[in-house]
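What you see is a predicted model, and the numbers here were worked out from it, not measured in a lab. Counting starts at 1 for both ligands and their atoms, in listed order.
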Amino acid sequence: MLDSLARQLKTIEAEALPEAEIYRQERLHEGLRRMPARERRHRDPGGVLQCPICGTQARRFLPFGLAGRRNARCPVCGSVERHRFLWRYLTRATGWLHQRLRVLHTAPEACLEHRFRALPNWRYRSVDRFDPAADILADLRALPLATGSQDLILTSHTLEHIPDDRAAIRELGRVTRPGGVVLVMVPFDPRLQRTLEDPANDTPARRMAAYGHPYHYRIYGADLIDRLAEAGFDATVVESKRWLTPHQRRRYRINRNHLLTCRRR
Ligand SMILES: [Zn+2]
């Protein structure tokens, strides 16, 4: 994803490519829309790595990201570390997959979307700003959904793409029922007291330099909790390092990752 973005940065900077096209190419590059044709070859019962989403066992996963992070991407379902952490959390820390829930999934990752759509008890809908294949084609700041209509919202690596993220968080607060939950994943560094963001980073190249991605508007710090509280959420941070044993992190290839469970008051 990021290496393709880095290669294209001059084109992006010249604004010769629309933002929607950038995201479409990211998805293709991640392989999350198309499963690799070679997938069967990677099934290796002796493999020490295991993808908890698709069950693949392998000696190695594929490299991924700007620096070619080793063993990052599952060769079968295309999951990277954060997808596997989210799936592991959903299946082991919650009973949600077995409950009757109205679920909204923003900018859905295909490796997870396939699994969610197969759940007979979920009323699942995806929402995306650009992808016509989504159930709902809409901006997160203006959802065509009734107030309090959602039990669970999954929003992973979406909020950092939105210039006015507070408006999006407010809208999530509006459509989530009291007691409902939004699971948030974003670029998050709890060592930062305040979110790293600056309106002066107003070009793709400046944002790439500041946040590592031409269409990221920030890296969140500990004050994300306050932003969520303003919209009526009590947020708790779940850290992969605390929640998984070292053996699990090695086996499932899950790096330092955070997710926030945000319960609507
Ligand atoms: Zn997999």
Next item on the list: Mark yes when over 12 heavy atoms from residues, nucleotides or ligands other than Arg265 sit less than 6.0 Å from its CZ; otherwise mark no.
Entry: yes
Practice item. Would you check if Glu109 and Ser156 make a side-chain contact, meaning some heavy-atom pair closer than 4.5 Å? Key: yes
ask   = Between the main-chain N or O of Leu97 and the side-chain N or O of Asn121, is there a donor-acceptor pair closer than 3.5 Å?
value = yes
Validation row, ring centre His161 to ring centre Tyr215 under 6.0 Å:
no
The protein N, O or S atoms lying under 2.8 Å from the Zn ion (ligand 1) are Cys51 SG, Cys54 SG, Cys74 SG, Cys77 SG
### Message
Does Arg117 have more than 12 heavy atoms from other residues, nucleotides or ligands lying within 6.0 Å of its CZ?
### Response
yes
In short, Leu183 meets Leu259 closest at the heavy-atom pair CD2-CD1, 3.8 Å
